Amino acid sequence: MHRIGLQTARHRFHAYIEICDGAAVVDVYRMIQYDFRGTPFGSRRAAVNHHAISGLSMPGSDLSRTVLILPIDKVHVILLNEYLQSKKMLGGLLLILPRNFDNGGKSSSESDSEDANGDGTADVAALEQWLMHNNIPYPVYFAFSDDRVNGFLKDVQVNDAAGRPATASTGGYKLVVSASDAKKIASASFTNIQGWLWGLRGEVDVAGLPTIAVVASYDTFGAAPALAVGSDSNGSGVVALLELARLFSRLYANTKTRAPYNLLFGLTSAGPYNYNGTASWLRGFDQRVRENIDYALCLNSIGNSDKIWLHVSKPPDNPVIKEIHENIAALARDLGVTIEVRRKKINISNSRVALEHEHFSRNRITAATISELETTPDLLDPLGGIADRRSNVNDTVVARNIKLIAETLAKHIYGLDGKNVEVFADGSSFAVSPDYVKLWLDLLSRTPRVAPFLGKNGPIIVALQKELAVYTSDVGVQNDNLDGSFLFYDTIQAQLSIYQVASVTFDLFIMIAVGFYLGILFVILVITTKGFDDLVGAFKRPASRKLKSN
């Protein structure tokens, strides 16, 4: 095997030999592996040591010992599904992500949704759904495109098109991931974070004041845990919560502008797993806190639409729900936003929780979720998956929606219903900060947040806790373990070594050449040190000696 130097020169792939190392190394991101209620899902293997191939229909190829390499915008889910359902094996699957994946999942050269053959490319979200809801018995990895990967892939495609797929006899390229099979994560934990803004006390004990809870789930779930940054779902909701805490902290810092309401800000985890974190958080409330909550407002995916849905469990004519809707609808018209109410009744016999507010409703707390999502996601749908990148979020839309929510809250806690008063006017000292919004969106869009892999004191958890502590008081964290229905496995990132392997014919030629060279060297050394006669004598048959009889 030789070291590959992958360079771009006239779009050709050049190889050179180095004495020191044996491979070019590429960072790769392993597909998630998990069990749900004892059923295995995701990629079940991690180690790779096979030749590379660029298509499923290569005649004469043993695909059970090859790694299929595909640009993600060229993947056909139907074809992969047929291959899986027919129980055919692959040595592995390597999906190449565009270098600039922030454009929503298309390579920079793709301007529409069709491939070169005009058949239409698979949607990245559909591919992710397929990957995460199947038991895939071979390793699946993601890698970002660069000059090295592009050159390597092009070379493989050229060889395959010429009918020279890589095999042990013909040589080619070999991919190696030296990783042991993933191990079970014994106790997958999650962390909830909360902070308070205490209202104007007066003669009433501050703990007895009515409370409004503002809640956002901060973790994500996707086909590749190391890539699931969830810029919109639910990075936008987290940013909105932090900015709301900042805005109201300025009002609550002055007793003259402090409302007679407590504001509780909760950053919950385990959202993709039936909102386990929210359920645990609510169980931790004492009875008095639970009874004093006027309503809870949950924020989920608010960064990319001019239409917002108010998801509720109680009837729209419920007095609190009606007030929230009327206040937010009146403000929305002025900001050019459309808002509609969508009700989904709670089925107590069904443990499935589609949106976060439903856990509050199950605890007899009035609640609603503000979201651009019209339909509720199914359990274990990708929330903040690999395609939910920074470009999915419009900073202006997030800032506008934050203002909309802030004004709605202000109308309630300051008793401004029906009054044309703007508390967070643009240009004022209480205006939404676009710089603050952008800063946190950028950070969250660089930070994967799949709960089982964060740990109790992960950097993003510490950062969120510290930020909430700047604007609220009595900040605390709650650690708990995921529902036993979910089991996760480690190994989410690795390094891929790319080797160029010579054919058997080449190896045989080298062996013969080396043997011929050593033979000549032996002859020269014997002649120069002992003479030609000794060389000839070495090849003569020694004379036989007869045994003398007694």
Side-chain angles (χ1 to χ4, degrees), residues 189-199 207 209-220 230 233-249 252 261-302 311 324 353 355-371 383 402 405-406 408-409 412-413 440 444 449 451 454 456 460-480:
S189 64
F190 61 82
T191 302
N192 297 319
I193 311 166
Q194 71 174 36
W196 290 86
L197 284 177
W198 300 109
L209 290 175
T211 299
I212 293 179
V214 182
V215 190
S217 180
Y218 68 85
D219 62 333
T220 59
S233 177
N234 188 29
S236 60
V238 172
V239 172
L241 183 143
L242 294 175
E243 176 64 346
L244 289 169
R246 188 189 73 84
L247 291 174
F248 280 96
S249 70
Y252 275 54
Y261 275 82
N262 296 328
L263 296 180
L264 171 60
F265 296 90
L267 289 167
T268 58
S269 185
Y273 321 111
N274 222 33
Y275 291 97
N276 270 197
T278 310
S280 175
W281 187 51
L282 288 172
R283 285 195 299 269
F285 288 173
D286 62 38
Q287 188 64 26
R288 188 180 186 188
V289 171
R290 188 181 289 108
E291 289 176 350
N292 286 338
I293 297 178
D294 253 20
Y295 67 81
L297 206 55
C298 304
L299 313 178
N300 183 351
S301 304
I302 59 170
H311 294 271
I324 296 171
V353 174
L355 288 172
E356 191 166 16
H357 74 274
E358 294 182 17
H359 271 306
F360 288 89
S361 298
R362 288 170 182 264
N363 283 270
R364 301 183 183 280
I365 299 171
T366 302
T369 292
I370 294 179
S371 177
L383 296 174
I402 291 172
I405 296 165
T408 301
L409 291 172
H412 183 81
I413 65 177
W440 273 96
L444 293 172
R449 303 185 303 282
L454 291 178
K456 295 180 180 179
I460 190 60
I461 294 174
V462 173
L464 290 171
Q465 181 184 354
K466 287 182 176 179
E467 188 66 14
L468 203 57
V470 172
Y471 305 113
T472 65
S473 58
D474 296 320
V475 172
V477 298
Q478 176 201 36
N479 296 307
D480 204 345

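The structure presented is a predicted model; accordingly, all values stated were derived computationally and were not measured.
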[Y] backbone acceptor or donor facing [X] side chain under 3.5 Å:
| X | Y | value |
| --- | --- | --- |
| Asp474 | Trp196 | no |
| His311 | Ser371 | no |
| Ser280 | Asn276 | no |
| Asn234 | Tyr218 | no |
| His359 | Asn274 | yes |
| Asn262 | Gly199 | yes |
| Asp219 | Ala270 | yes |
| Ser236 | Ile302 | yes |

Name the orientation class of the two ring planes belonging to Phe285 and Trp281 (parallel below 30°, tilted from 30 to 60°, perpendicular beyond 60°).
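Geometry flag for Trp281 against Phe285: perpendicular rings.
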For the residue pair [X] and [Y], establish whether any side-chain heavy-atom pair is separated by less than 4.5 Å.
| X | Y | value |
| --- | --- | --- |
| Arg449 | Leu444 | yes |
| Ile370 | Leu297 | yes |
| Ile461 | Lys456 | no |
| Gln465 | Val477 | yes |
| Gln194 | Leu267 | no |
| Leu244 | Leu299 | yes |
| Ser249 | Leu247 | no |
| Leu454 | Ile460 | yes |

Interatomic distance, [X] atom [atom1] to [Y] atom [atom2] [nearest 0.5 angstrom]:
| X | Y | atom1 | atom2 | value |
| --- | --- | --- | --- | --- |
| His412 | Thr408 | NE2 | OG1 | 11.5 Å |
| Ile212 | Tyr261 | CD1 | OH | 6.0 Å |
| Ile365 | Thr211 | CD1 | OG1 | 10.0 Å |
| Ile413 | Leu209 | CD1 | CG | 11.5 Å |

For the student: nearest non-hydrogen atoms of [X] and [Y], plus distance:
| X | Y | answer |
| --- | --- | --- |
| Asn292 | Ala207 | ND2-O, 2.9 Å |
| Trp440 | Leu464 | CZ3-CD2, 3.7 Å |
| Gly237 | Ala216 | O-CB, 3.7 Å |
| Thr268 | Asn192 | CA-OD1, 3.3 Å |
| Ala469 | Val475 | CA-CG2, 3.5 Å |
| Val238 | Ser217 | CG2-O, 4.0 Å |

With side chain to side chain contact (heavy atoms under 4.5 Å, CB included) as the criterion, how do Leu263 and Tyr252 come out once you've worked through the C-alpha distance, each side chain's angles and the decisive distance to 0.1 Å?
CA-CA 10 Å; Leu263 296 180; Tyr252 275 54; 3.8 Å; yes
Under a 3.5 Å threshold, yes or no: a donor from one side chain and an acceptor from the other, between Glu356 and Thr278?
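On atom types as modelled, these side chains qualify, holding a pair under 3.5 Å.
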Side-chain H-bond candidate by donor/acceptor type, Asn479 with Thr191, under 3.5 Å
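Thr191 and Asn479 do have a side-chain donor-acceptor pair below 3.5 Å.
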Hey, mind stepping through Thr366 and Phe360 against side chain to side chain contact (heavy atoms under 4.5 Å, CB included) and telling me if it holds?
CA-CA 7 Å; Thr366 302; Phe360 288 89; over 6 Å; no
Does the pair Asn363 and Ser361 meet the rule for a side-chain hydrogen bond (donor to acceptor under 3.5 Å, both in side chains), with working shown?
CA-CA 5 Å; Asn363 283 270; Ser361 298; over 6 Å; no
Could you give me the CA-CA distance, side-chain angles and deciding distance for Arg283 and Asp480, then say whether side chain to side chain contact (heavy atoms under 4.5 Å, CB included) is met?
CA-CA 11 Å; Arg283 285 195 299 269; Asp480 204 345; 4.1 Å; yes
Any chance you could lay out the side chain to side chain contact (heavy atoms under 4.5 Å, CB included) test for Phe248 and Thr472, step after step, and finish with the verdict?
CA-CA 9 Å; Phe248 280 96; Thr472 65; over 6 Å; no
Tell me whether Arg246 is salt-bridged to Glu243, with the criterion being a basic N under 4.0 Å from an acidic carboxylate O.
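Here Arg246 pairs with Glu243 in a salt bridge, since their nearest N and O are under 4.0 Å apart.
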